[in-house]
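Given the structure is predicted, the values throughout are model-derived calculations rather than measurements.
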Amino acid sequence: MKRQPMRPNEIASEIGAPRSSVYELVNLLLRHGMLDYQGNDGRVYLGRRLYFLGTAYAEQFDLMRECDRMLVRLAEETRETAQMCLLEGRKYTVAMMREGVRPFRISSNVGELVAIPWTASGRLLVSHLTDQEIIDLIPPEDFSLPNGRQMEPSEFIAQVRQAGRDGFFTFNSEVENFTHCFAVPIYQAGGACIATLCLVAPREDGLRNRNTYLQSLMAAANEISEKLGFHVERDKSMALR
């Protein structure tokens with residue numbers, strides 16, 4: 001995901017599509033306000049109509065509004081960067097983020113697609129799936145970690161099951177070697193993990209404040225889960241049987 005204006009021919013090259021088809025689709029989206037021109041060199045970007053649609057969506061979808069409120073609270077309580085994360089197809093992505101008050105920036109790009117096994121949240125976001133469903137979901141190449149180590153699917157699945165029992169997952173980031181990541185699940189009615197609340201902290205601070213950070217995260221995630229119809233103690237105990 002480039003997250004910047006692009007020319008139609010650049011879009012065609014990026015996605016491997018015929019230029020003629022891309023130009024036709026771009027013109028259609030321009031006519032309907034889904035894309036707008038940016039500058040005078042033919043670059044296009046997300047249009048105003050998408051903004052209005054997104055605003056309407058946010059007004060009606062309680063999860064996004066509740067998560068934003070909780071991220072503000074978590075960033076203020078912990079002074080760390082707080083995120084809400086989701087699955088996007090066969091990948092993980094940061095959907096929302098509030099940065100902490102540290103003088104240096106620790107964050108991921110919102111909307112960037114990342115391999116599920118590289119993330120703390122990944123262990124929780126697939127925890128309601130069977131072992132075979134997890135293997136079918138994650139591309140085999142995504143078990144190759146940024147440090148070059150090849151993770152066995154069985155190792156990842158064991159971590160998924162432990163995270164499901166614990167109700168959280170923490171580890172030293174596979175992507176940023178100086179950070180420690182915390183993830184806690186948001187459950188919908190029925191017990192599926194539909195999102196996570198996360199904190200990303202400098203490694204030493206994260207380890208030193210581990211219990212405090214987890215308490216803040218779990219309180220926030222449980223509050224949202226309850227509003228979505230998931231009764232944390234009762235439903236989780238039933239799901240683990």
Side-chain angles (χ1 to χ4, degrees), residues 1-72 75 81-99 105-119 121-122 124-126 128-129 133 136-142 175 186-190 192-198 200 224 227-229:
M1 183 178 294
K2 294 295 185 179
R3 301 179 64 84
Q4 63 186 21
M6 298 177 68
R7 298 184 184 91
N9 64 320
E10 294 173 332
I11 297 172
S13 177
E14 186 72 22
I15 65 176
R19 291 188 180 186
S20 58
S21 299
V22 170
Y23 274 98
E24 183 177 345
L25 287 171
V26 166
N27 286 330
L28 177 64
L29 293 172
L30 284 167
R31 288 197 300 271
H32 288 278
M34 300 297 182
L35 294 177
D36 285 332
Y37 283 112
Q38 297 286 320
N40 300 317
D41 59 354
R43 296 179 188 271
V44 296
Y45 198 55
L46 303 181
R48 286 167 289 180
R49 180 163 291 187
L50 285 180
Y51 169 79
F52 293 125
L53 290 173
T55 300
Y57 177 81
E59 288 175 351
Q60 296 300 318
F61 194 47
D62 287 344
L63 176 62
M64 303 301 286
R65 187 164 60 249
E66 286 298 312
C67 284
D68 185 56
R69 182 172 68 86
M70 290 301 177
L71 294 182
V72 171
T81 295
Q83 300 172 339
M84 188 270 271
C85 304
L86 303 166
L87 289 184
E88 179 67 30
R90 305 173 75 185
K91 303 288 185 178
Y92 148 101
T93 191
V94 177
M96 304 176 72
M97 181 172 65
R98 291 283 180 169
E99 292 187 9
R105 186 173 182 265
I106 300 178
S107 62
S108 300
N109 292 327
V110 172
E112 182 178 355
L113 300 181
V114 178
I116 293 171
W118 295 10
T119 69
S121 290
L124 296 161
L125 290 167
V126 300
H128 59 287
L129 302 178
E133 287 172 336
D136 292 341
L137 173 69
I138 300 174
E141 62 270 19
D142 284 4
V175 180
I186 295 172
Y187 295 108
Q188 64 181 358
C193 174
I194 60 169
T196 59
L197 293 182
C198 311
V200 183
I224 297 174
K227 291 182 178 180
L228 292 174

- Item | Flag side-chain contact, heavy atom, 4.5 Å: Leu29 against Val44 | no
- Task: Using a 4.5 Å cut-off on heavy atoms from C-beta on, say whether the side chain of Leu125 contacts that of Ile116.
- Result: no
- Task: Report yes if some heavy atom in the side chain of Ile138 is under 4.5 Å from a heavy atom in the side chain of Pro117; otherwise report no.
- Result: yes
- Query: Can you name the residues that form a side chain to side chain contact (heavy atoms under 4.5 Å, CB included) with Ile224, not counting sequence neighbours?
  - Reply: Leu63, Glu66, Cys67, Met70, Ile186, Leu197, Leu228
- What one should report as the nearest heavy-atom pair of Arg90 and Asp142 is O-OD2, 4.3 Å
- Task: Give the minimum heavy-atom separation between Ser121 and Cys198, together with the two atoms involved.
- Result: OG-SG, 2.9 Å
- Message: For Gly89 versus Leu137, what's the shortest heavy-atom pair and its separation?
- Response: O-CD1, 3.9 Å
- Side-chain heavy atoms of Val126 within contact of Leu87, under 4.5 Å: yes
- Should Met97 and Thr81 count as side-chain neighbours, where that means a heavy-atom distance under 4.5 Å? yes
- Item | Arg49 with Asp36: basic N within carboxylate O range, under 4.0 Å | no
- Any sub-3.5 Å donor-acceptor pair from Arg7's side-chain atoms to Asp41's backbone N or O? yes
- Item | Close side-chain approach of Glu10 and Arg43, heavy atoms under 4.5 Å | yes
- Heavy-atom count around Arg19 CZ within 6.0 Å, excluding the residue itself: above 12? no
- Message: Tell me if the CD atom of Gln38 is crowded by more than 12 foreign heavy atoms within 6.0 Å.
- Response: yes
- For the student: nearest non-hydrogen atoms of Pro5 and Tyr45, plus distance: N-CD1, 3.6 Å
- Note on the structure: Taking every heavy atom of Asp68 against every heavy atom of Met96, the minimum-distance pair comes out as CB-CE, 3.3 Å
- Measure across Val200 and Gln83 and return the closest heavy-atom pair with its distance rounded to 0.1 Å. CG2-OE1, 3.8 Å
